[in-house]
Trainee: 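Sharing a structure, written as structure tokens. Questions coming.
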Amino acid sequence: MNLEKVKSDIEAAVPGCRLQIVVNGSPSGQHSLLLDREHAFAVAKFLRDDPELCLDYCSNVTGVDWPDTEGSGYLEVVYHLYSTVKKHGPLTVRMRTEDRKDAVNLPSFTPLWRSAEFQEREVFDLYGVVFDGHPDLRRILMWDGFEDHPMRKDYVDPDDYEYEPTAHDAVLKRALEHSNRDEKAGGCQ
Amino acid sequence: MHSVDLDIYRPIAILMIAAVGFAISPLAMAWLWSKKFSPRKPGPVKNATYECGLASQGDAWIQFRAEYYLYAIVFLIFDVEAIFLLPFAVAFSGLTLGAAIAMLVFILLLAEGLVWAWQKRVLVWV
Amino acid sequence: MDQKLKIELSQQGIFATTLEEVYNWGRKNSVWPLTFGLACCAIEMIATTMARYDLARFGAEVFRPSPRQADLMIVAGTVTKKMAPQVVRLYNQMPEPKYVIAMGACAISGGPFKQGYNVLKGIDRYIPVDVHIPGCPPRPEALIDAFMTLQKKIDAQHLTGDLRPRHLRADTSSEFVVPQYGAHDLEPAKNPKLWNITLKATPTEPRAGENEPGKS
């Protein structure tokens, strides 16, 4: 599957869409296609229904947090699409939110690929991406009423440190902070 | 009444007493044991109705979906009717005409239900 | 009863025992576990009950599907924070005397997921654990060993006196605090009556040159 050709096919089928090839420099060379938010659903529908591509299977939905990129950063969602009929894939498709705070809406692909339902819920739960058009967008791993999104890179977990036998790096730093604070507080033995 | 007549029931009376004692004595021992050694400790979670670990929420008095009448009808046809068919078959030759007609009406009503369920494709295993 | 006298009597063909011994002997040989698995350790637990390892030899083949009929809870696997209230609630619903085996690294400390966002750092923060088994997952032999340890523990329990266990005391509750889901963590994060250990082993700073890339 030639990504350049796929790109030009999409541009011919969905007028006005802005696509961008994200180059993967690693030896695997799995380049991906960045979709714009406005036309993403139409593009995805084309990818599924086009007789030549026929990408009928969405195997994986995942989230990526980019806190330091482009100003306030953004959240990214990555879809891996395969074709069970044409036996080709994966086509990697990405979408980016506007920022990480309020404009975190992306179109949901669940109406196109049912397999995306739980994985989009997981991305919503762990990264806080709000999928418009998702039939049942609730938390899936954490409990209802949990306030954070634990897979974001600036997530601060509850200060609940105790004996850490193999502490290193960030855990060591926080464990030391915690024990220092305990000492200052008089030490609750 | 002769006393000899009562004498023959004595072994049964003894057996009755032994059987009741055999059943009650472990319960009594357990009761005494708990009085003496291990106290009862009920609590709100322990006394909860459900034992699946989740806290129960909402009300159990909800409206059932009307579709469940299908199960009721199929249950009547295959279970209740079968139960009545057996005594009907056993007593068939000795029945009066009225009883036989009453039974046939009953069977016809349920057979109609079976035809109806068949037509509604209730019996098709998806 | 004096052990010497007892042995002496048994050599003469006289069997003597105490109520406490009979009570504990009966209990330790009919410990019924709760059918309850949380993660991969449960597979080892299942293997332990099957023909090859045969937990039935110790009187524990009857895995009860209801906490009301179980004596032993084998916490087999990772306890997530979302699951912890359910585990505590099941434990509370078990009748006394009840015992807990924490099986595997996750159940005793959080294991490889210890600093994870949704993993409890050991079930002994909420319920009293009698036997801990390390391992990831522990082999069936380890579970059998833990089970025999528990049997020894049951055998050594006193029926009367100040040292008698919790289930024989009227003043101690058999229920423990069920944690609630909070905005960031479980509330409370631990039961201070059970878990008040402040292990102040200050983590050692890595020595210069060690564990740093580019230096060997």
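In what follows, chains carry the letters A, B, and so on, assigned in the order in which the sequence lines appear, proteins first and then strands, with residues in each chain numbered from 1.
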Trainee: Short question: side chain of C:Tyr99, backbone of C:Val31 - any donor-acceptor pair under 3.5 Å?
Mentor: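 Looks like no, no N/O pair under 3.5 Å.
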Trainee: Side chain from CB out, backbone as N, CA, C, O: work out which of these in C:Arg164 comes under 4.5 Å of a heavy atom of chain B, or both, or neither.
Mentor: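 The answer is neither part of C:Arg164.
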Trainee: Check whether C:Glu96 gets within reach of chain B through its side chain, its backbone, both or neither, counting any heavy atom under 4.5 Å.
Mentor: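 For C:Glu96, backbone and side chain are both near chain B.
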Trainee: Please identify, among B:Pro39, B:Ser34, B:Pro44, the residue contributing the most non-hydrogen atom pairs under 4.5 Å to chain C.
Mentor: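 Highest number of heavy-atom pairs under 4.5 Å: B:Pro39.
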Trainee: With a 4.5 angstrom heavy-atom cut-off, which part of C:Thr172 approaches chain B: side chain, backbone, both or neither?
Mentor: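 Contact with chain B: backbone and side chain both.
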Trainee: Could you look at C:Ser174 and say if it's the side chain, the backbone, both or neither that has a heavy atom under 4.5 Å from chain B?
Mentor: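 The answer is both parts of C:Ser174.
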Trainee: As a test of understanding, state which of C:Thr78, C:Ile74, C:Val79 forms a side-chain contact (heavy atoms from CB on, under 4.5 Å) with C:Leu38.
Mentor: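 With C:Leu38 as partner, side-chain contact (heavy atoms from CB on, under 4.5 Å) holds for just one option, C:Val79.
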Trainee: Do the ring planes of B:Trp33 and B:Phe37 sit parallel (below 30°), tilted (30 to 60°) or perpendicular (above 60°)?
Mentor: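 Geometry flag for B:Phe37 against B:Trp33: tilted rings.
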Trainee: What residues form a salt bridge (charged side-chain N to carboxylate O under 4.0 Å, His left out) with C:Asp155, not counting sequence neighbours?
Mentor: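 Per chain and number, C:Asp155 pairs via salt bridge (charged side-chain N to carboxylate O under 4.0 Å, His left out) with C:Lys28.
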Trainee: For C:Met83, is it the side chain, the backbone, both or neither that has a heavy atom under 4.5 Å from a heavy atom of chain B?
Mentor: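 Contact with chain B is absent: no heavy atom of C:Met83 under 4.5 Å.
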Trainee: Find out whether the Lys NZ or Arg CZ of C:Arg89 is both under 6.0 angstrom from the six-membered ring centre of C:Tyr91 and within 45° of the ring's axis.
Mentor: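 No, C:Arg89 does not lie over the aromatic ring of C:Tyr91.
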